[in-house]
Amino acid sequence: MQNQNAEKAETQPEETGRPAKTTLSARSLSKVYGSGALAIRALDNVDFDLYEGELVVLLGASGSGKSTLLNIIGGLDRPTSGKVFFDGTEITAFDDSALTRYRRDHVGFVFQFYNLVPSLTAEENVALVTEIAADPMSPADALRLVGLGGRLTHFPAQLSGGEQQRVAIARAIAKRPRVLLCDEPTGALDSQTGVIVLEAVERINRELGTTTALITHNVGIAAMADRVIRLADGAIQDVSVNTDKIAASEIRW
Amino acid sequence: MHPLDRKLLRDLWHLKGQVLAIAVVIATGVGVMVQSLGAIQSLQATADAYYERYRFADVFCHLKRAPKSLVPRLADIPGVQTVEPRIVEYATLDIAGFEEPATALLSSLPERGKPLLNQLALQSGRLVDLAKPEEVVVNEKFAAAQDLTLGDTVQAVINTQKRTLRIVGIALSPEHTYAIGPGALMPDDKRYAIFWMGERALAGAFDLDGAFNDVTLTLLPHTPPEGVIQRLDRILAPYGGSGAYARKDQISNWFLMSEIDQLATMARLLPSIFLIVAAFLTNMVVDRLIATERGVIGLLKAFGYSDLEVGWHYMKLVMVIALIGVVLGSFLGAGLGQWTTSIYAQMYSFPFLLFRPLPDSFLIAGGLSLLAAMVGTASAVRRAVRLAPAEAMRPPAPPSFSRSYLAQTGLARLLDQPTRMIFRQVFRWPLRSGLTVIGIGMSVAVLIMALQWIDSINRLIDVYFVAAQRQDVTVSLTEVRPPSVMRDFENLPGVLAVEGQRNLDVRAHLGPRNKRMQISGLPARQGLYLVYDDAGGAIDLPPDGLVISTKLAEILGAKTGDRIELEVLEGQRPIVEVPVVRVFNTFIGYPAYMRLEAINRMMHETNVVNTVHLRIDPNQQAALFARLKDMPHVSSVTLRQAAIDIFNETMAKTVLVFVGMFAGFASALAIGVVYNSARIALSERGRELATLRVIGFTRFEISYILLGQSLLLTVMALPVGCLIGNWLALGMAKSFDTELYRIPAVIEPSSFGYAMLVTLAAAAISALMVRRRLDRLDLIAVLKTRE
């Protein structure tokens, strides 16, 4: 079944007419926690590609392996077996400092719980990243992109949940990453605020062309994706191309 | 086992690093206290038992000569229990293979049986055979220092006659636990000996047949010595009594008691500091623990656990940590106490040593520690049980920060974000940061307090032995000699300069107060042995009147212009009134000076001296020493350099050992505080730091953020510690104001430097320990779970 999925995934670009350039690809990824009888297969021989500029939604129930997959391609975790390539370079062969450099230069993360530094203002939280990036945009520009141009000097405690999450997005994209990985970015938000956050993600993907993978268990969000990948029990169940993609602002749940 | 208790054990295991760090801090507090109290108690118990078992006298008096028929009159003084007359004199020794002359205190053993008082604890050999005048018993320290054993012989000049003495016994005496020579500050076992000889032999040598020149007495229980001393002085005055004194003024006992006092000061001050810091640390970690336990507390309360049960649970956690500390500290303290006491056993010659730390030292230390830990915990626990269950189960709101005025200035723009995080973190919790700063500062302060001892003692040596003394050799004469004696000394080989001094035993009276003391007569402008003010330098003596030390002024309640009545205790024993013309500062003793001519005028004598200071040519030292050994009328020879060496050596054996011990304690303290504050910061900010790692920060960069905070706090603590240390050192110096010593409160810049360096090193070590944990941060887990 995995092979079937893989074939499907590979044939996808031709079907959508997108350029076939692969930003990230994973081959035969497996992740096993524990050992022996107690071993849990979080990922089971998964093949996965992320094409340049697309917005992919990874759908699945909790425990389906979607976060594990995201962590591995984001350079946060290592697979038990299998390989991940970024622009043709195998990141699974990287040592720790090379992985850190990969994350620093190419990957933007957005988390469910924002993970802002409480002692820094919105602008400073973004500056945290721009200071170590090679070619960043200004923190103020990044915040304007997510609609927070007027909130530069606010501390996390002075911002709403949605605003905090948008600061997190600004922080993730300010360094102009090649890949933006969002793990349940709306998980802690109500629907109205969640939509505003999704609009920000959509805008980044559209305007900056950042390849984006977004994890959610919320089926409604899948409507804004170029492609939707469903995971269950550590394996890819199904990959579908969204022919009638809608704008984030139209999503309701 | 109750699940809560199981949780307690798991929490303890989870926090083991911090548990150990706090326990170590508590243990140092308990350890110092058990050690100090234990040593005091052991020393006191040993001294008491020794004094009682060997019948140490209560009152002492030296005189010129009195017939033994006087003894019953002395025994009749109300309150007197036992009287023992004896002969005590000095002799110069010539020891084979030892170039310098040594001095022996000769003390007679009675004709029949053992001495009644001040009995000897024979370590080897036997008491002397009265039929053999050449036999002596020597004190153990001298025998050991000079490598003398039973059967060895020593040459001595006893009252101008050269004699060969044979050692038949080696002994200890309660009178000489601290065997200190005339005018010395430290026991010099190579150059100062106690010789016990048969009474007949000494009476023959000093022409004291049927007479005595020294007497010791014991009193009936609860008899104050003052009345007895007064009557004794009155009876002995016609016999040249030089003023009786009580046991507390007896030199060996005086030193011993000063030492015990000194330890008592340490037992009060140092453990208190350690306990305060331990309480603070306990408070910090428990507070933090309870912050992370919010959800659990809410859950427990939702299940129906009462506030008391939840509170008791956390109280138990703290008690276990404190108990670990107390137990560790008790063992540490008992070990160190035994070690300390054994150092004292070496220094004082005790025939036995009772290491008996009373249970109270453990109880006081343990109780105080537990109390400190409990008080430190009470507020945090009270806060924990006050949380409403629903509130407790919700994640805490993000802490709010604000931009300080500083942040809005241009200066702040120079800082990068990580540095800003460090500053904001420190100033967001000013109380916690302040307490950490004080905690680390305390360890700097304790170190300064320890190191300052060396500075103070060096200053004392500089002033007392170097600035104020320019002679190389001081010779005490057996009695006053005419000025011609100076020429005798001038003619000795290698003597470059000679200066005479006359010491006079007096009892000074001013109003209701009196003090038995010595007045030294010196030339107007001294060239060798200077009257020296610690602050102002050398002092010229005025033609008339007394120049007294501030300590003596304090003892007598005297000030410039007061007329002091001097009851002279020798010669014609005149009673004269002399004005105080100047008061000066000195670190050692309570001296008083007069112009040599003025003293002699007062005594109706012409320029006699009984002490001679010499400056010598070091190349001819051997020849000079050889002559001095044979010279008549010489009772003792003191070498300035030897005194300095002994002083330094003794300090190295005692003070430096303590300095090292306190430096160790202080480092433990610094490690404990820094490690705990960094660990707390880590558990509070693990999530934040993991996020930074995820978005591409290196380990080094996040270490900078976390450890930079520790470093900033440590750097802030340095000046605070220097201030506290300075203050503690002043307090210590003040509390060491005894008749014997005043310790100058001197702190050299290098001591501040060392203290800060040691603290920084301790901080660096604990930072490294925390750094290892940073390398193991779980990047993924921290992103998923809300604390």
Side-chain angles (χ1 to χ4, degrees), chain A residues 42 62 67-68 70-72 74-78 96-97 99-121 123-134 139 153-159 161 164 168 171-172 174-175 177 181 183-184 187-188, chain B residues 395-404 407-408 412-429 433 681 684-702 704-706 708-709 774-787:
Chain A
S62 62
S67 289
T68 307
L70 200 75
N71 289 338
I72 291 174
L76 281 181
D77 202 356
R78 292 174 189 280
D96 199 73
S97 65
L99 272 182
T100 301
R101 184 133 293 277
Y102 164 66
R103 291 200 301 270
R104 174 185 281 214
D105 294 341
H106 304 299
V107 187
F109 282 100
V110 177
F111 314 107
Q112 182 177 2
F113 295 109
Y114 336 132
N115 291 60
L116 297 183
V117 175
S119 60
L120 297 180
T121 62
E123 189 182 15
E124 288 165 348
N125 259 287
V126 179
L128 200 54
V129 172
T130 57
E131 277 173 5
I132 60 169
T153 59
H154 286 58
F155 282 91
Q158 297 162 328
L159 297 169
Q164 288 185 54
R171 184 177 66 181
K175 64 181 168 191
L181 303 176
D183 191 352
E184 298 276 11
Chain B
S400 60
F401 285 83
S402 61
R403 273 149 54 98
S404 61
Q408 287 158 38
R413 249 168 270 140
L414 296 174
L415 302 178
D416 58 1
Q417 302 313 320
T419 309
R420 247 175 241 204
M421 285 166 72
I422 292 172
F423 276 99
R424 290 225 176 102
Q425 204 69 30
V426 166
F427 294 107
R428 170 66 180 76
W429 284 280
S433 301
E684 274 166 356
R685 302 176 62 198
R687 184 181 166 77
E688 193 176 311
L689 297 174
T691 305
L692 295 179
R693 283 282 285 133
V694 168
I695 62 180
F697 277 71
T698 61
R699 285 186 181 140
F700 177 80
E701 285 160 338
I702 61 162
Y704 167 70
I705 291 170
L706 186 73
Q709 187 186 338
L774 274 180
D775 290 345
R776 296 201 299 263
L777 266 187
D778 187 343
L779 302 192
I780 295 160
V782 87
L783 300 179
K784 274 292 173 192
T785 51
R786 197 83 202 184
E787 296 193 337

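Proteins come first, then strands; the chains are lettered A, B, ... in the order of their sequence lines, and each starts at number 1. All values below were derived from every heavy atom in this structure, side-chain atoms included, with hydrogens, water molecules and symmetry-related copies excluded.
Within the model, atoms CZ of Phe155(A) and CZ of Arg428(B) stand 10.0 Å from one another, a figure rounded to the nearest 0.5 Å. The CZ atom of Arg424(B) sits 4.0 Å away from atom CD of Glu124(A), with the distance rounded to the nearest 0.5 Å. Note: Phe111(A) CZ to Ile695(B) CD1 = 7.0 Å, rounded to the nearest 0.5 Å.
Considering all non-hydrogen atoms of both residues, Asp96(A) and Arg693(B) come closest at OD2-NH2, 3.2 Å. Nearest heavy-atom pair, Phe697(B) versus Leu128(A), reported as atom, atom and distance to 0.1 Å: CZ-O, 3.2 Å.
By the salt bridge (charged side-chain N to carboxylate O under 4.0 Å, His left out) test, Asp105(A) pairs with Arg101(A), sequence neighbours left out. Contacts of Thr130(A) classified as side-chain contact (heavy atoms from CB on, under 4.5 Å), with partners at least two apart in sequence or in another chain: Val126(A), Ala127(A), Pro136(A), Pro139(A), Ala174(A).
Heavy-atom pairs under 4.5 Å with chain B were tallied for Arg171(A), Gln158(A), Lys175(A), Arg104(A); the largest tally goes to Arg104(A).
Of the atoms belonging to Leu692(B), it is side-chain heavy atoms, and not backbone ones, that fall under 4.5 Å from chain A.
Remark: the backbone N or O of Leu120(A) is not paired with any side-chain donor or acceptor of Gln417(B) at under 3.5 angstrom.
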